[in-house]
Novice: 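This is the structure I want to talk about, given as structure tokens.
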Amino acid sequence: MPETQANTAARRSRVIVLLAYEGCQSLDVTGPWEVFTKAAQFSAREGQAPAYRLILASPSGGTVRCNSGLSWADSVPIAELRGSIDTLLVAGGDEQAFDTGGTAHALLPWLRRKARVVRRVGSVCTGAFALAGAGLLEGRRATTHWRSCAALARQYPGIALEPDAIFVADPPFYSSAGISAAIDLALALVEADLGQAVALAVARDLVLYLRRPGGQSQFSAGLQAQTRASHRFRDLLSWMHEHPQADLGVAELAQRVAMSERHFARQFRQETGQTPARFVEALRLDCAKSHLEQTPWPLARVAHKAGFGSVDSLQRSLKRHAGITPEQYRQRFSRQA
């Protein structure tokens, strides 16, 4: 809930730490940085202490060179961070940065300790590999850049991956897709802290959409799966997309490719990065979103055409993945005049 006026008057600035490292992506830091900085400026203009104080930190401190060649000076070593931290966000970059011997591997034990006392811990793009490597996402919902979803699923099968989400909130952990999605996540956090008026002011000042809901697709989950699937599974995926209303249970799908159910489920996850059930839900959500965007159909027809058993089933699925209702999704993204 946003802060009340009484709470705001006595507040201290929340400390936001953006974690960078050699080879990180510069926009993964500067995007959220600008959002929180603008929010701090707008809150201070109302006669209050700035809502946020930002710190750029890195494993060893000093100059950080990004993968674009841009360098930042004077980052704070993580070992020297003192006092209470409200929010930590880990930038994305090379997936291997968080492997043993990688440029950001030193972040993992530190993140594991800090996660116990920090209110919010989040990631941008492939920064999700840092949260996963620190053991923070086991059994939790998360996302990352669509190109890295399969790798994240292979390395950390205990994560409930949502490959089509712009960002995912599973408090106290938050994850987002690449670059612009980090701005959407930062705006959502500002709105949660300070209310919609401040988030709207920030979005207007940065010439942004107020915020896309976390569940709007960053990339078609089906198209992503087809680009890496074998020919045998590519044909099956195409058929599934053409027939969302069909029986898409494991037994029926396994029969179509002449496999046992157990072998099919294992092979399907290996080739797509998702379980059959999760893929089917994502496929049907893609279909429902398309109908909501492009047609004036009533929800019952949308649900039927997309393969959901009922409007209630569609509503639950969209609410779970996007945090909004079908009506809200249509209001925000409809292409109808």
Side-chain angles (χ1 to χ4, degrees), residues 12-45 49-78 80-81 83-93 97 103-104 107 110-111 114 118-128 130-131 144-145 166-167 169 173-194 198-212 214:
R12 294 181 178 179
S13 299
R14 291 183 167 99
V15 175
I16 310 291
V17 174
L18 280 295
L19 294 172
Y21 48 89
E22 290 293 314
C24 72
Q25 186 155 271
S26 59
L27 284 172
D28 289 358
V29 174
T30 56
W33 189 285
E34 290 295 334
V35 170
F36 288 118
T37 297
K38 291 293 183 184
Q41 292 170 354
F42 284 121
S43 63
R45 286 176 188 171
Y52 303 113
R53 179 167 67 89
L54 278 76
I55 298 173
L56 177 66
S58 65
S60 302
T63 300
V64 176
R65 185 177 177 85
C66 303
N67 58 13
S68 63
L70 181 68
S71 293
W72 292 314
D74 302 325
S75 68
V76 178
I78 55 175
E80 294 182 13
L81 290 171
S84 176
I85 297 173
D86 179 83
T87 303
L88 291 171
L89 287 180
V90 185
T103 57
L107 285 174
W110 183 84
L111 273 172
K114 284 295 181 180
V118 172
R119 183 168 70 101
R120 297 184 298 213
V121 179
S123 62
V124 179
C125 194
T126 53
L131 272 58
T144 187
H145 191 283
I166 288 177
F167 66 83
F173 302 108
Y174 300 78
S175 54
S176 67
I179 306 175
S180 63
I183 295 175
D184 293 299
L185 174 59
L187 280 169
L189 298 179
V190 167
E191 184 173 341
D193 291 343
L194 306 175
V198 174
L200 178 58
V202 171
R204 283 175 174 166
D205 200 67
L206 296 177
V207 197
L208 301 170
Y209 188 88
L210 171 56
R211 73 176 174 91
R212 296 174 291 175

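This structure is a prediction, so every number in the text was calculated from the model and none was measured.
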Novice: Rounded at 0.5 Å granularity, tell me how far OG in Ser58 sits from CG in Leu18.
Specialist: 12.0 Å
Novice: Looking only at non-hydrogen atoms, find the nearest pair between Ile78 and Pro59 and report the distance.
Specialist: CG1-O, 3.7 Å
Novice: Can you check side-chain contact (heavy atoms from CB on, under 4.5 Å) on Arg120 and Asp193, steps first, answer last?
Specialist: CA-CA 12 Å; Arg120 297 184 298 213; Asp193 291 343; 2.8 Å; yes
Novice: As an exercise, state the distance from CH2 of Trp33 to CD1 of Ile183, rounded to the nearest 0.5 Å.
Specialist: 15.0 Å
Novice: Go through the steps for Phe42 and Asp205 under the test side-chain contact (heavy atoms from CB on, under 4.5 Å), then give the verdict.
Specialist: CA-CA 10 Å; Phe42 284 121; Asp205 200 67; 3.9 Å; yes
Novice: To the nearest 0.5 Å, what is the distance between CG on Leu88 and NZ on Lys114?
Specialist: 8.0 Å
Novice: Here's a test for you: under side-chain contact (heavy atoms from CB on, under 4.5 Å), which of Leu54, Ile16, Val202 qualifies with Thr37?
Specialist: Leu54
Novice: Using modelled atom types and a 3.5 Å cut-off, is there a donor and acceptor pairing between side-chain atoms of Ser175 and backbone atoms of Ala128?
Specialist: no
Novice: When rounded to the nearest 0.5 angstrom, what is the spacing between NE2 in His145 and OG in Ser123?
Specialist: 13.0 Å
Novice: Go through Thr87 and Tyr52 one step at a time and tell me if the side-chain contact (heavy atoms from CB on, under 4.5 Å) criterion holds.
Specialist: CA-CA 10 Å; Thr87 303; Tyr52 303 113; over 6 Å; no
Novice: Between CZ of Phe36 and CG of Leu89, what distance do you get to the nearest 0.5 Å?
Specialist: 5.5 Å
Novice: For the residue pair Trp110 and Leu81, what are the closest heavy atoms and their distance?
Specialist: CZ2-CD1, 3.5 Å
Novice: Under 3.5 Å, side chain of Thr63 to main-chain N/O of Ala73, donor-acceptor pair present?
Specialist: no
Novice: Are Phe167 and Leu189 close enough, and set up right, to give a side-chain contact (heavy atoms from CB on, under 4.5 Å), and what steps lead you there?
Specialist: CA-CA 11 Å; Phe167 66 83; Leu189 298 179; over 6 Å; no
Novice: Might you point out which heavy atoms bring Cys125 and Thr144 nearest each other, and give the distance in Å?
Specialist: O-OG1, 2.7 Å
Novice: How long is the gap from CD on Glu22 to CG on Asn67, to the nearest 0.5 Å?
Specialist: 10.5 Å
Novice: Determine yes or no for a side-chain-to-main-chain donor-acceptor pair under 3.5 angstrom, with Asp28 supplying the side chain and Gly92 the backbone.
Specialist: yes
Novice: Please check: side-chain N/O of Tyr21 versus main-chain N/O of Leu107, any donor-acceptor pairing under 3.5 Å?
Specialist: no
Novice: More than 12 non-hydrogen atoms from neighbouring residues, nucleotides or ligands closer than 6.0 Å to CZ on Arg204, yes or no?
Specialist: no
Novice: Side chains of Cys24 and Cys66: does their closest heavy-atom pair fall under 4.5 Å?
Specialist: yes
Novice: Shortest non-hydrogen contact from Ala177 to Val124?
Specialist: O-CG1, 4.0 Å
